[in-house]
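The shown structure was predicted, so the numbers you read here are calculated from the model rather than taken from an experiment. Ligands are counted one by one from 1 in listed order, and the atoms in each one are counted from 1 as well. Atoms considered below: every heavy atom in the structure, side chains included; atoms not considered: hydrogens, waters and symmetry mates. For the single chain, residues carry numbers from 1 onward in sequence order.
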Amino acid sequence: MNLFDVYPLFDVNIVKGKGCHVWDDKGNEYLDLYGGHAVISIGHAHPHYVESISHQVATLGFYSNSVINRLQQQLAERLGKISGYDDYSLFLINSGAEANENALKLASFHTGRTRVISFNKAFHGRTSLAVEATDNPKIIAPINANGHITYLPLNDIEAMQTELAKRDVCAVIIEGIQGVGGIRIPSDDFLHALRDACTKYGTILILDEIQSGYGRTGKFFAHQHSGIRPDIITIAKGIGNGFPMAGVLISPMFKAVCGQLGTTFGGNHLACSAALAVIDVFEQEHLVENAAKVGNYLLEQLKQVKGIKEVRGKGLMIGLEFEEPIKELRLRLLHEQYVFTGASGTNVLRLLPPLCLSMEEAKEFINRLNKVL
Ligand SMILES: Cc1ncc(COP(=O)(O)O)c(C=O)c1O
């Protein structure tokens with residue numbers, strides 16, 4: 001059997017990782033400024049993480065959601081504290097798309113409405129509602145195009161208020177910082193106006209923090225830079241440091257209805273042990289603070305580098321926009337300088353390193369970038 005050929009692949013076989021470095025099968029060492037697409041939060045093969053999931057799988061890897069799972073309860077409590085949302089409830093699933101799917105369902109159950117506002121260049125995943133809310137016609141199949149979504153320009157307060165004033169919008173879904181869309185940041189004014197309009201017109205505000213959350217921007221959630229509080233927050237990527245897991249943080253205004261949501265794998269024992277180990281390391285190694293410190297340094301330094309049109313981002317979620325396509329630059333970084341980076345569209349280089357990136361590693365990245373510019 002062949003693999004279903006949907007991914008454009010780099011010709012590299014990564015076989016090992018440690019901290020912010022990965023190795024290929026030929027023994028070449030790479031600096032990882034991509035974090036496996038923003039997934040590696042505490043670093044590759046962290047010893048505490050390895051020990052925690054090894055112990056759990058040797059004890060009990062899985063049992064279904066039909067029994068008490070104390071690890072889920074511990075995770076909800078610890079996540080509530082570290083994120084500043086201890087009055088919210090947690091629903092666990094396995095992927096970012098599923099988190100958004102459940103968030104949108106909850107909003108619709110709650111309001112009885114079916115219209116959703118999303119934004120130009122948004123990415124929310126590939127399942128039915130999540131992909132419909134994604135502004136990319138190429139990945140929306142005819143069966144997903146059900147007319148639920150109105151896309152608006154990001155940061156256009158008037159357009160947003162006009163739509164919400166119709167009082168028929170179930171939810172607004174917005175990324176803390178748009179990742180796939182090119183590291184585009186909702187302004188504080190926009191988020192405040194959005195929060196007010198959602199409250200006024202009975203619309204649920206969903207913050208997709210799947211890429212921008214879990215400490216990446218130097219606060220636990222990107223929207224916390226503006227001080228607003230959404231009704232629902234979706235998380236994935238960094239929560240399990242590579243173990244597939246995701247969550248929906250749900251405000252106390254929602255009452256849980258037995259049987260309304262559910263999943264086989266979500267919140268299983270092994271996933272919870274991974275997520276608990278991640279929170280241990282966040283606390284012990286002050287990774288949110290590190291993302292702010294090293295991220296600010298990188299942002300400042302990158303603004304001095306010649307040849308970059310614009311540097312955007314917060315913490316360790318950074319986009320470097322170039323005048324010309326970056327395909328070649330990215331390949332040279334990989335094959336000549338042994339640096340992994342991400343991309344958004346054709347002209348933006350996207351940096352999403354593990355949150356444990358050190359100042360030395362940040363400096364080393366700038367050195368290597370300068371060599372290919
Ligand atoms: C902002 C955002 N939302 C949702 C998703 C979908 O997550 P997953 O691929 O885990 O379904 C992603 C993935 O890149 C994302 O960046």
Side-chain angles (χ1 to χ4, degrees), residues 4 6-8 34-41 91-107 116-136 138-141 144 149 151 154 171-186 191 205-217 220-223 230 232-249 263 265-268 271 274-275 278 312-319 340-345 348 350-353 355:
F4 200 54
V6 289
Y7 297 110
Y34 179 50
H37 206 79
V39 165
I40 301 301
S41 48
F91 179 65
L92 292 165
I93 53 283
N94 315 289
S95 70
E98 259 185 284
N100 287 333
E101 201 75 23
N102 280 285
L104 288 164
K105 278 172 70 173
L106 260 183
V116 171
I117 302 292
S118 178
F119 294 94
N120 295 347
K121 298 199 172 195
F123 184 89
H124 296 294
R126 292 166 184 274
T127 55
S128 62
L129 284 167
V131 82
E132 205 188 341
T134 290
D135 183 23
N136 180 356
K138 279 193 222 141
I139 65 169
I140 302 176
N144 304 129
I149 315 291
Y151 301 101
L154 187 67
V172 174
I173 184 163
I174 181 168
E175 287 156 86
I177 293 180
Q178 286 191 338
V180 173
I183 312 295
R184 300 197 317 141
I185 306 176
L191 286 178
L205 177 55
I206 303 172
L207 246 297
D208 177 341
E209 292 277 6
I210 286 162
Q211 189 167 147
S212 57
Y214 246 82
R216 176 146 301 281
T217 68
F220 198 82
F221 291 125
H223 69 262
I232 298 181
I233 304 163
T234 53
I235 55 176
K237 297 202 188 285
I239 183 175
N241 197 49
F243 198 98
M245 192 181 208
V248 188
L249 276 60
T263 159
F265 293 123
N268 67 72
V278 166
R312 296 189 290 270
K314 282 188 180 157
L316 290 173
M317 182 167 184
I318 299 176
F340 263 101
T341 55
S344 301
V348 179
R350 192 162 31 141
L351 308 180
L352 304 160
L355 307 182

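In terms of the side chain to side chain contact (heavy atoms under 4.5 Å, CB included) criterion, residue partners of N94 (sequence neighbours excluded) are, by chain and number, E98, T263, F265. Evaluation of the ring-ring contact (aromatic ring centres under 6.0 Å, His included) rule for F340 yields Y30 as partners, not counting sequence neighbours. When the side chain to side chain donor-acceptor pair (under 3.5 Å) test is applied to T341, no partner is found at least two apart in sequence or on another chain.
For ligand 1, the protein residues within 4.0 angstrom (heavy atoms only) are H37, S95, G96, A97, N100, F123, H124, G125, E175, D208, I210, Q211, K237.
E209 contributes a side-chain N or O that, together with a main-chain N or O of H223, makes up a donor-acceptor pair within less than 3.5 Å.
Using bins of under 30°, 30° to 60° and over 60° for the plane-to-plane angle, the ring pair H37/Y34 lands in the perpendicular bin.
In this structure, the ring of Y151 has its center no less than 6.0 angstrom from the ring center of F119.
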